[in-house]
Amino acid sequence: MGQFWIFVRKEMWHILRDKQTLFVLLGMPISQILIFGFALSNEVKNSKIAILDHSKDLTTQQLIKRIESSKYFEITDYLSHSSEIEESFKKGDIKLAIIFSPDFEKNLYHSHEASVQFIADGTDPNVGTTLVNYGSAIIRDYQDELLGEKKLPYQIKPEVRMIYNEQLNASYNFVPGVMAMVLLLVCSLMTSVAIVREKELGTMEVLLASPLNPFFVVISKSIPYLFISIFNILSILFLSYFILEVPIRGSVFLLIAESILFIITSLSLGLFVSSIAKTQTSAMFGTLIGLFMPTLMFSGFMFPIDNMPVPMQILSNIIPSKWFFIIVKSIMIKGLGYMSIWKETLILVLFTILMIFISVKKFNKRLDIE
Amino acid sequence: MATISIQCQHIKKSYTLKKNKIIALDDINLEVYKSEIFGLIGPDGAGKTSLIRILASLILPDSGSAKVEECDVIHDFEKLRTKIGYMPGRFSLYQDLTVQENLEFFASVFNTTVQDNYHLINDIYKQIEVFKFRTAGALSGGMKQKLALCCALIHSPSILFLDEPTTGVDAVSRIEFWEMLTELKRKGMTIFVSTPYMDEASLCDRIALMQSGKILSVSSPSQVKQQYSGTLWSLQSIHMYHLMQALKKWSRVDSAFSFGESIHVGISEQNISEIEIKNYLLQNGISEINIQRIEPTVEDCFMQLMDKN
């Protein structure tokens, strides 16, 4: 067995003997996928709403029935007076109130104009807007049916299609995000902590006093994490494909190859952190604040980059997770081939080379005490 | 004399701690011969660890130069690292690996195998072999040091650096440990060892007494004792406190310090007699005393050297 593999084997022993950490490493991606898939979701479903029907005619009855049958709404309050609306909101139960004006049907058929008011809870702007959109859509559908064959002289009708994700399934967005997060955590955090641990426990001092190139030690430490990460990628893809029904439209091999590239990028980041950090705690905070937070904020996974101010958009370019996020979405969801992601791939490759170069340069062949 | 293993000239090293400059080593000049046990004796903070680390090429000196086994510690450090065995002051093996795994791992670090150099560690390893499947973290302090010594020896180094190897080790293990060092010396190894324990000094071939980054003297333990100037007396009384007070007042006394259960009193005059001391003490109201002229130990010499500096 070569010297290198003896080192890798020793590293495997460290990992395998720390059962709790191993459990977290392998279980984390599974739990994250399941939590994001079933528990955390920014879709709006079964929102409680109140109805105030001043008209109480056939048309409003039909509309209310449609609203009620929608999966987005659950009517909890039927109000009888407008003074009750605010009270209802203040109790904190309802997110939306729908108010039909008096003589709704009469106005609709005689003056061809009836009004319905939506009052939404604006404390969470996204939820408020979404609910108003869902409600408007139901009203619009009803109106289209009413018109029937009676064509209006001028009409522009937007035909909306959400391509690549017709059902607006949120999993399509978070699976690539979780992949980036898990890989970054396992590779960058664990390797940097593992390397710094050798410094902290003093074993690095003994290894430095040996003829071995200490950088060799550092590289051999990352190998087990490479394997763990490949396992994690496979388990995430398996779960998202079979349980969350996220399609893999592009090439699986390309997807895995790109993931391995990102694993190496994350390992190089871990290496970089370990060349700066002196204690395990600082390595941990360094990766969490320096790598993990920017991944959440700037990869486009949680917040759309296009909405950010220009300086932050520029800043987001140096976050490798952003490029990986784009690559995974392109392959998995859009089914694109390597021709359309070569730019992002090249950025990751260059970034990795740069990180390894800096780490090698910064790596101290003596003790860093000063 | 024999050939030279370590030679260092004008080594200086300082650290900056919270904007305060701390001088760890101040102009160290030293020569260590091959196949000798060279002891670096001094209290905590004397600069022993810094000096060992510089010689093992682990840190750079601010100025000065040093050669170990004909390798410059600054420029030829890669070559040097194949020749040295180093055991740091803190236990630095993998606590979650077993005794055997640690040993095999360190053998592979030096591109050798445990079998190849088993003869070197045989005497030591057989004492801990019963625990070879136990993790290193579960060993007692003395066992840990024996294992660490095995790991530092496994590649048959020509010089061994030991930084306070017996600190925190029980008295019996300390004696055993020194017996092993003597055995290794007999096999031709140079041993450079630091210790805060003065009693271990007499087990070295030569010692350097260190204090505040300076080497006070380099010689054999017996020469150190010969260098002691004046006479040394050991005094005991039931009123130790009054005794000490009285001695410190006396202008003829150079030094007086507690040494176990007695007080060691240094007097620079060669021909002072027991009666004179007794009379002086009687005048000061201390009668029942036990007085004895003694040969200085390394510690006494060290204290005297410290006073002079």
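Any value given below was found using the heavy atoms of this structure, including those in side chains, with hydrogens, waters and symmetry copies removed. All of these numbers come straight from a predicted model, not from anything done at the bench. In what follows, chains carry the letters A, B, and so on, assigned in the order in which the sequence lines appear, proteins first and then strands, with residues in each chain numbered from 1.
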Nearest 0.5 angstrom please: [X] [atom1] to [Y] [atom2], how far?
{"X": "L367(A)", "Y": "I59(B)", "atom1": "CG", "atom2": "CD1", "answer": "7.0 Å"}
{"X": "Q3(A)", "Y": "N111(B)", "atom1": "CD", "atom2": "CG", "answer": "4.0 Å"}
{"X": "K10(A)", "Y": "E104(B)", "atom1": "NZ", "atom2": "CD", "answer": "14.5 Å"}

Over 12 non-hydrogen atoms of neighbours within 6.0 angstrom of [atom1] in [X]:
{"X": "K187(B)", "atom1": "NZ", "value": "yes"}
{"X": "F351(A)", "atom1": "CZ", "value": "yes"}
{"X": "F357(A)", "atom1": "CZ", "value": "no"}
{"X": "Y118(B)", "atom1": "OH", "value": "yes"}
{"X": "F238(A)", "atom1": "CZ", "value": "no"}
{"X": "K83(B)", "atom1": "NZ", "value": "yes"}
{"X": "E70(B)", "atom1": "CD", "value": "no"}

*Please flag which part of L93(B) lies under 4.5 Å from any non-hydrogen atom of chain A: side chain, backbone, both or neither.*
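Interface part for L93(B): backbone (N, CA, C, O).
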*In terms of heavy-atom proximity below 4.5 Å to chain B, should L208(A) be classed as side chain, backbone, both, or neither?*
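For L208(A), backbone and side chain are both near chain B.
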For residues [X] and [Y], report the shortest heavy-atom separation together with the two atoms involved.
{"X": "S92(B)", "Y": "T203(A)", "answer": "O-CG2, 3.3 Å"}
{"X": "L201(A)", "Y": "R90(B)", "answer": "C-NH2, 3.5 Å"}
{"X": "V109(B)", "Y": "L212(A)", "answer": "O-CD1, 3.7 Å"}

*Mind ranking F105(B), Y94(B), F106(B), F110(B) by heavy-atom pairs under 4.5 Å with chain A and telling me who comes out on top?*
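Counting heavy-atom pairs under 4.5 Å, the top option is Y94(B).
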*If you tally heavy-atom pairs under 4.5 Å against chain A, which of T135(B), I84(B), L97(B) wins?*
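Result: the option with the highest number of such pairs is L97(B).
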*Should R17(A) and E101(B) count as an ion pair when the cut-off is N to O under 4.0 Å?*
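A salt bridge is present here (some side-chain N lies under 4.0 Å from a carboxylate O).
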*Using a strict cut-off of less than 4.0 Å between a Lys/Arg side-chain nitrogen and an Asp/Glu carboxylate oxygen, indicate whether E205(A) and R53(B) qualify as a salt bridge.*
yes
